[in-house]
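Structure first, commentary second.
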Amino acid sequence: MNLPCAVIEDLLPVYYEESCSQESRQAVESHLKTCRYCQRILSALQQELPIQKREETPLASVEKARKKRKTMNLFHGVVAALLVIGAMIPLLAYLHYCVTIPVPILHFEAREVSVLSDGRITFQLWADDPQYLESIFYEPAEDGSVYVSPQCRIFRSIGRPTWSQYYPVALDADVTAIYVGTPRKNFLVWKQGWPLPPASKTTEAEVGPIVSLP
């Protein structure tokens, strides 16, 4: 079937780019054998237009869009992860340097309980791991007793000998009892009425000022 020139003229661009069907190609070639007008149009098309790559098929376009979407999703995921990490760093730094937690009393023992020259009661709080002695929290009770609660950082730096193995504790003589630990879990160090030896000169020198209880 010989198609009219108007139809062939519409088919010539895709014929030239080799992106038409086999049936359309045969129809165009059959028409060009006898139509000089369409031959001139094809010749002009060949001279003016460079050979271009065949247009992508719909399936290729879908695959390309899928890969692009996958890449964008991966990029957004990486950006979101970096934002989360960036937000977590200050929080972790705060928890590490500013927040402490009580240490189980099984890691401690009280040694050299004595009385200072100014009447304060002192003892050395020894730990089986220096990392447990970050700080001391004093919790007074209504009956006059005091709970000495050792504190450590949430994230301990294992193997870093920053703290001493013992912590000198000195409390005002008005206290009625001294415990290591919390009101729930503790062991008794001293209570009112127990005799105490005088502190040594070394102890007098290393103990700090009176602890102001809250």
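All figures in this text were calculated on a predicted structure; none of them were measured in a lab. Sequential numbering from 1 along the given sequence is applied to the chain's residues.
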Task: Check ion pair Glu109-Arg111 (N to O, under 4.0 angstrom) - done: yes
- [ ] Before giving the answer on side-chain hydrogen bond (donor to acceptor under 3.5 Å, both in side chains), spell out for Gln151 and Ser149 the whole-Å C-alpha distance, their side-chain angles and the decisive distance to 0.1 Å.
- [x] CA-CA 6 Å; Gln151 305 282 309; Ser149 177; 3.0 Å; yes
Task: Leu116 side chain near Thr203 side chain, heavy-atom distance below 4.5 Å - done: yes
Open item on the list: Consider side-chain contact (heavy atoms from CB on, under 4.5 Å). Of Leu12, Ile8, Leu32, which one does Ile41 pass it with?
Closed with: Leu12
- [ ] Take Thr176 and Ser145 through the test side chain to side chain contact (heavy atoms under 4.5 Å, CB included) and record every step on the way to the result.
- [x] CA-CA 5 Å; Thr176 59; Ser145 57; 4.1 Å; yes
TODO: Could you give me the CA-CA distance, side-chain angles and deciding distance for Leu125 and Val180, then say whether side chain to side chain contact (heavy atoms under 4.5 Å, CB included) is met?
DONE: CA-CA 9 Å; Leu125 184 61; Val180 170; 3.8 Å; yes
Task: Leu196 CG to Phe123 CZ distance, which is reported to the nearest 0.5 Å - done: 11.5 Å
Open item on the list: Given 3.5 Å as the limit, does a donor-acceptor pair link the side chain of His107 with the main chain of Ala127, or not?
Closed with: no
Task: Residue pair Val189 / Trp194: nearest heavy atoms and the distance that separates them - done: O-CZ3, 3.6 Å
Open item on the list: On a heavy-atom basis, which atom in Ile178 and which in Val175 lie closest, and how many Å separate them?
Closed with: CG1-CG2, 4.1 Å
Task: Distance-minimising heavy-atom pair for Tyr147 and Gly181 - done: CB-O, 3.4 Å
TODO: Starting at CG of Leu42, measure out to NE2 of His31 and round the result to the nearest 0.5 Å.
DONE: 11.0 Å
TODO: For atom CZ of Phe187, decide whether the heavy atoms of other residues, nucleotides or ligands shown that lie under 6.0 angstrom number more than 12.
DONE: yes
TODO: Decide, yes or no, whether a salt bridge links Glu29 with Arg25 under the criterion of side-chain N to carboxylate O below 4.0 Å.
DONE: yes
Open item on the list: Rounded at 0.5 Å granularity, tell me how far CG in Leu11 sits from SG in Cys38.
Closed with: 10.0 Å
- [ ] Measure the OG1-CD distance between Thr202 and Glu112 for me, rounded to the nearest 0.5 Å.
- [x] 8.5 Å
- [ ] Give the intermediate values and the outcome of side chain to side chain contact (heavy atoms under 4.5 Å, CB included) for residues Trp190 and Ile121.
- [x] CA-CA 9 Å; Trp190 173 87; Ile121 302 167; 3.2 Å; yes
Task: Polar contact flag, side-chain donor to acceptor under 3.5 angstrom, Ser24-Gln26 - done: no
TODO: Please round to the nearest 0.5 Å and tell me the distance separating atom OG of Ser114 and atom CD of Gln124.
DONE: 8.5 Å
TODO: To the nearest 0.5 angstrom, please state how far the OG1 atom of Thr122 sits from the CD atom of Glu206.
DONE: 7.5 Å
Open item on the list: Tell me the closest heavy-atom pair linking Pro13 and Asp10, and the distance in Å.
Closed with: CD-O, 3.4 Å
Open item on the list: Can you give me the closest heavy-atom contact between Pro183 and Glu139, atom names plus distance?
Closed with: CD-OE1, 3.5 Å
Task: Co-membership, hydrophobic cluster, residues Leu83 and Phe75, 4.5 Å side-chain - done: yes
TODO: Determine whether Cys5 and Cys35 make a side-chain contact, defined as any pair of heavy atoms from C-beta on separated by less than 4.5 Å.
DONE: yes
